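These notes are about the structure you will find just below.
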Amino acid sequence: MKNKNKTVWGSRFNNAPSKIFEQIGASIEIDKRLFEEDILGSIAHTQMLIKQKIISKNKGNKILLGLKKIRKEIIKNNFDFKKKYEDIHLNIEKRLFKIIGNDAGYLHIARSRNDQVITDFKLWIKKASKEINSNLNNLIKNFLKKSADNVNTIMPGFTHLKNAQPISFAHYLLAYVEMFKRDRKRFSSNIDYIDECPLGVGALAGTSYKIDRNFTSKKLGFKKPTNNSIDTVSDRDFALDFLSSASICAMHISRFAEELIIWNSDIFKLIKLSDKMLTGSSIMPQKKNPDPAELIRGRAGKNFGSLQAMLTTMKGLPLSYYKDMQEDKALVFSSYDTLSESLIITNELIKNLKPNKERMLQLANEGYTTATDFADYLVKNNNLSFREAYKISAKLVNYAERRNKKLNELSFDEVKKVKKDLNKKVMKVFDVKNSVNSKSSYGGTATKNIKRMISRLKKEFK
Ligand code: ARG
């Protein structure tokens with residue numbers, strides 16, 4: 001009886017896999033994105049096999065030529081990815097057989113798809129992390145540009161979405177720069193963990209061939225080979241690190257998006273977005289909606305979902321390899337795609353946003369935002385404790401509220417109603433510009449601080 005099973009393991013099987021499992025079990029539609037890394041890994045592995053005299057030069061060189069041909073075919077879209085060959089590793093191996101014949105069978109000596117797939121995946125995540133960091137770099141530069149233009153733009157800073165204290169719009173933007181810097185650090189330090197080469201641990205136990213793992217590790221740009229073969233094929237921490245960093249970064253930009261949505265609203269009117277960043281309504285002719293910002297906010301959910309799914313997949317999974325883990329690629333790719341797009345949109349948003357400076361200033365004066373400055377004045381000039389000063393300032397706020405006045409609209413005589421022995425100089429504390437500039441402690445919103453910070457950051461992010 002002729003065996004109809006064409007899989008690489010067909011010789012042990014009486015039947016071909018059921019069609020339905022072929023549909024579900026095949027990952028080729030997703031992991032074909034690893035082709036470049038898979039071929040790089042196979043090339044390094046082959047070179048090592050030749051160097052160690054595990055395969056002959058002649059056979060090895062045939063394999064190398066075949067692999068390079070396959071790479072070209074895939075790049076030129078001339079490669080027929082087949083579901084029946086399951087994944088990228090077996091699709092490439094099967095094609096190698098077609099191109100060079102039975103010598104292709106020597107390629108898989110001393111390796112398993114278990115070490116192969118993580119090698120590919122680690123290489124891919126390294127590349128992806130670097131790309132995200134370069135997007136973050138662009139974003140930081142554009143935030144710095146906008147900050148430099150807005151050092152003197154005063155707006156209300158919020159806590160609880162209530163006007164709190166006056167701040168510079170630039171200082172607010174620089175807060176995001178700090179978040180993006182931490183995001184970059186997270187992606188960079190992930191690379192440190194990724195930097196151990198899995199190739200050569202085989203299915204889970206290592207191999208009896210005299211391989212040189214340092215050679216392949218170096219060839220592929222890793223720092224060193226992994227230490228424990230079982231951990232190596234079981235480990236997906238590096239995927240989780242990526243997903244977690246992507247989630248935190250997505251969370252940051254979703255907060256920015258949310259603020260733009262609020263500030264762009266007809267109630268706040270703190271910023272204006274260019275038409276490029278708005279869409280209309282099919283029924284309400286007057287509408288201009290901040291859809292791109294809403295998409296960034298919404299899509300963060302996809303990043304979080306991928307992280308949650310991956311954690312759940314790994315939770316309680318015994319060592320070492322299980323097919324469950326095959327789901328890792330779809331999650332990481334989707335998270336990467338989502339985040340990359342969101343970062344690009346965020347970049348467009350910051351470039352196409354104008355602060356409404358008059359409105360910002362007007363709102364900075366609303367909500368008694370200089371009440372703390374008044375209390376601080378009393379501490380410094382009238383020898384009061386902060387709690388005593390707080391009470392007096394609260395009285396003034398109550399007074400202003402009853403008269404329906406802003407603090408900067410009160411006369412000196414009115415201010416004196418809450419504290420008799422005041423010097424006229426006190427009136428300057430109700431000026432929001434003065435308030436901003438008085439916050440000169442390190443990290444505060446004072447203009448001179450911001451200028452110094454911008455020039456320092458501009459040097460860092462050229
Ligand atoms: N496509 C598989 C994956 O991504 C490759 C590893 C297969 N290993 C195995 N023992 N079935 O997980």
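Because the structure is predicted, anything quoted here is derived from the model rather than measured. Just so you know, ligand 1 is whichever comes first in the structure, and atom 1 is the first atom listed for that ligand.
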Exercise. Measure from atom 2 (C) of ligand 1 to every heavy atom in Gln326, Lys329, Met325, Glu327 and give the option owning the shortest one.
Key: Gln326
Quiz prompt | Closest protein heavy atom to atom 11 (N) of ligand 1, given as residue, atom name and distance to 0.1 Å | solution = Arg113 NH2, 3.5 Å
Quiz item: Nearest to atom 8 (N) of ligand 1, what protein heavy atom do you find, and at what distance?
Solution: Asn114 OD1, 2.8 Å
Quiz item: Please state which protein non-hydrogen atom is closest to atom 5 (C) of ligand 1 and give its distance, to 0.1 Å?
Solution: Asp87 OD2, 3.5 Å
Quiz item: Any idea which atoms of ligand 1 are less than 4.0 Å away from a heavy-atom of Ser27?
Solution: 1 (N)
Quiz item: Is a side-chain donor or acceptor of Asn303 paired with a backbone partner of Ala246 at a separation under 3.5 angstrom?
Solution: no
Quiz item: Does the gap between the ring centers of Phe81 and Tyr85 come in under 6.0 Å?
Solution: no
Self-check item: Aromatic centroids of Phe238 and Tyr193 separated by under 6.0 Å
Solution: no
Exercise. Carefully, step by step, assess Glu259 and Arg255 under the rule salt bridge (Lys or Arg N to Asp or Glu O under 4.0 Å).
Key: CA-CA 6 Å; Glu259 294 194 291; Arg255 292 179 79 171; over 6 Å; no
Practice problem: Starting from atom 9 (C) of ligand 1, locate the nearest protein heavy atom and write down its residue, its atom name and how far away it is, to 0.1 Å. | Solution: Tyr321 CE2, 3.3 Å
Quiz prompt | Residue that, paired with Leu278, satisfies side chain to side chain contact (heavy atoms under 4.5 Å, CB included) out of Asp291, Asn264, Asn352, Asn289 | solution = Asn264
